[in-house]
Amino acid sequence: MQEQTGNVPVERRRAGDPLLTLVVPVFNEEQTAPHFVETVNRVLGATALRFEILFVEDGSTDRTRERLRALAACHRHVSFIAFSRNFGKEAALTAGIDHARGDVVIPIDVDLQDPPEVIPRFVEKWREGYDVVYGARAGRSSDSYLKKFTATWFYRVFNRLSREQLPPDAGDFRLMDRRVVDALKTLPESNRFMKGLFAWVGFRTVGVPFERLARERGSSKWSYWKLWNFALDGLAGFSTIPLRLWLYIGAVVCLLSFAYAAVIVFRVLMFGVDVPGYASLITLVLFFGGVQLLSLGTIGEYLGRLFNEVKRRPLYIVDEVVGLGQRDVSRRPADAGREVKD
Ligand code: UDP
Ligand code: MG
């Protein structure tokens, strides 16, 4: 497993006073964003930690952007990047990671389901020498039974099929050292299944348990249909076993049909031609029709992803940057987002 990669040698201990960048994706969060800043200021303000908050405004349709503008105007440590439309949380996290300048970067949800009170414990682990410290959900008490059930199965299947192992209790809430952030920035793919990418880059990783609370205000942006697509993206992005599966199914079916053919030939030779058999025939025709469609669908799924990667479109388009210096952080030449400094 990813977690607890042994003890970290003493010489890797870190001293000093790192700058923390909190990367906060927001989508229609006008009610939550001001409360988030207030809470973080209170909690982290009480410690000696240096921190800044970088919101990524993911094309909200409510007044989130005005709220962020007001927050950035009255707090020097608050800045935001705004997208030209909704690109999804994974793209928002990517943008935050691209623009963050801290020595450590901490993706965190705006709804306070990831409690900022845990951050000082993350930093302690970082000082001990860990490069990645993820928040390990001690319980999913805030989730419905169905969500818990589907999540358990997703992690089970994913970890079976993929070489990268995802700790089932980890979300996006984690601390990453600058080295990890720089490694993440080199990954060019358009399929941004961040949990998988976090696992892919590796480094010394440790989990810190915390209780994930229920959302305080606003509403969750996830539906089961979105989660299902998210799960498919994750699986197809990190495993080619679903493609290879058809090789084995095909081989087994071929062997069986050879055996069956032999039986039929033998029967005809011994007992003559036998006409009845419509039921078994139609069953087999339908069954193999289904098998072929399934395998074609699987191939199509990967082909579609290949198509998306080959287009090499930028992962997001920036409409506006407020509070960060105007720096070139484009991932590709095509990423020609307009960046305005207020
Ligand atoms: N989010 C986002 N873009 C989206 C959907 C969500 O940036 O398209 C943000 C959202 O504002 C929040 C975080 O992602 O900060 C987690 O979303 P939510 O709380 O709705 O998810 P849940 O906690 O229910 O998994
Ligand atoms: Mg939430």
Side-chain angles (χ1 to χ4, degrees), residues 21-40 53-68 71 78-100 105-116 118-119 134-152 154-155 166 168-174 190-195 198 210-231 233-234 315-320:
T21 303
L22 271 54
V23 168
V24 197
V26 282
F27 176 55
N28 290 348
E29 302 278 6
E30 56 179 5
Q31 302 172 28
T32 26
H35 183 56
F36 174 83
V37 173
E38 217 174 89
T39 313
V40 168
I53 301 175
L54 172 57
F55 286 105
V56 184
E57 200 277 291
D58 187 10
S60 302
T61 49
D62 63 359
R63 300 180 54 81
T64 304
R65 206 187 295 193
E66 281 76 58
R67 290 283 149 81
L68 294 183
L71 286 168
V78 175
S79 47
F80 73 87
I81 306 164
F83 284 174
S84 59
R85 64 168 172 85
N86 179 247
F87 281 88
K89 184 182 177 189
E90 309 297 297
L93 280 179
T94 305
I97 285 168
D98 286 346
H99 288 75
V105 174
I106 304 176
I108 180 169
D109 281 0
V110 73
D111 53 16
L112 296 171
Q113 284 192 283
D114 306 329
V118 189
I119 293 176
Y134 69 85
R137 290 185 266 229
R140 278 178 173 263
S141 50
S142 61
D143 286 343
S144 70
Y145 179 74
L146 185 61
K147 179 124 186 232
K148 270 184 242 180
F149 178 78
T150 47
T152 314
F154 170 71
Y155 286 107
L166 301 184
D169 49 356
D172 293 325
F173 183 38
R174 59 187 60 222
S190 319
N191 178 1
R192 307 301 287 187
F193 180 65
M194 292 310 281
K195 286 192 234 284
F198 290 149
F210 76 100
E211 187 64 39
R212 189 165 160 96
L213 310 166
R215 192 182 238 281
E216 278 190 22
R217 334 170 162 209
S219 55
S220 172
K221 308 294 176 302
W222 294 97
S223 61
Y224 278 102
W225 177 242
K226 265 192 173 176
L227 280 175
W228 163 249
N229 284 314
F230 185 58
D233 272 344
L315 304 175
Y316 53 86
I317 298 292
V318 174
D319 177 33
E320 188 180 7

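Atoms within each ligand, like the ligands themselves, are counted from 1 in listed order. Heads up: numbering here begins at 1 and tracks the sequence.
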Backbone of S60 reached by a side-chain donor or acceptor of N86 within 3.5 Å: no
Electrostatic pair R65:E57 at N-O distance under 4.0 angstrom: yes
Closest protein heavy atom (residue, atom, distance) for atom 21 (O) of ligand 1: W222 CD1, 2.9 Å
Shortest protein contact, atom 5 (C) of ligand 1 (heavy atom only): K221 CB, 3.6 Å
Closest candidate by heavy atom, reference atom 16 (C) of ligand 1, pool D109, V26, D114: D109
Degrees at the Mg ion (ligand 2) between the OE1 atom of Q113 and the OD2 atom of D111, nearest 10°: 100°
Close N or O approach (V110, ligand 1; < 3.5 Å): yes
Contact (N/O only, under 3.5 Å) between E29 and ligand 1: yes
N/O separation below 3.5 Å, F27 to ligand 1: yes
Min side-chain heavy-atom separation T150-F154 under 4.5 Å: no
Atoms of ligand 1, numbered as shown, that sit under 4.0 Å from any heavy atom of D58: 2 (C), 3 (N), 4 (C), 7 (O), 8 (O)
Closest contact, heavy atoms only, T21 versus A100: CG2-CB, 3.7 Å
Side chain D58, main chain F27, donor-acceptor under 3.5 Å: no
Atoms of ligand 1 close to G88 [distance to a heavy atom under 4.0 angstrom, numbered from 1]: 3 (N), 8 (O)
Nearest non-hydrogen protein atom, atom 23 (O) of ligand 1: Q113 OE1, 2.6 Å
Close N or O approach (P25, ligand 1; < 3.5 Å): yes
Taking atom 14 (O) of ligand 1 as the reference point, the nearest protein heavy atom with its distance: K89 CD, 3.3 Å
Validation row: F173, I119 side chains within 4.5 angstrom (heavy atoms): yes
Whether D114 side chain and D109 backbone form a donor-acceptor pair below 3.5 Å: yes
Stepwise side chain to side chain contact (heavy atoms under 4.5 Å, CB included) check, F193 with F230: CA-CA 8 Å; F193 180 65; F230 185 58; 3.6 Å; yes
Residue D109, metal the Mg ion (ligand 2), N/O/S under 2.8 Å: no
Any donor-acceptor N/O pair, R67 side chain to E30 backbone, under 3.5 Å: yes
For the student: nearest non-hydrogen atoms of M194 and I97, plus distance: CE-CD1, 3.8 Å
Nearest protein heavy atom with distance in Å, relative to atom 24 (O) of ligand 1: S220 OG, 2.6 Å
Nearest-contact summary for atom 18 (P) of ligand 1 - protein heavy atom, Å: R215 NH2, 3.5 Å
Among N86, V24, D111, closest by any non-hydrogen atom to atom 8 (O) of ligand 1: N86
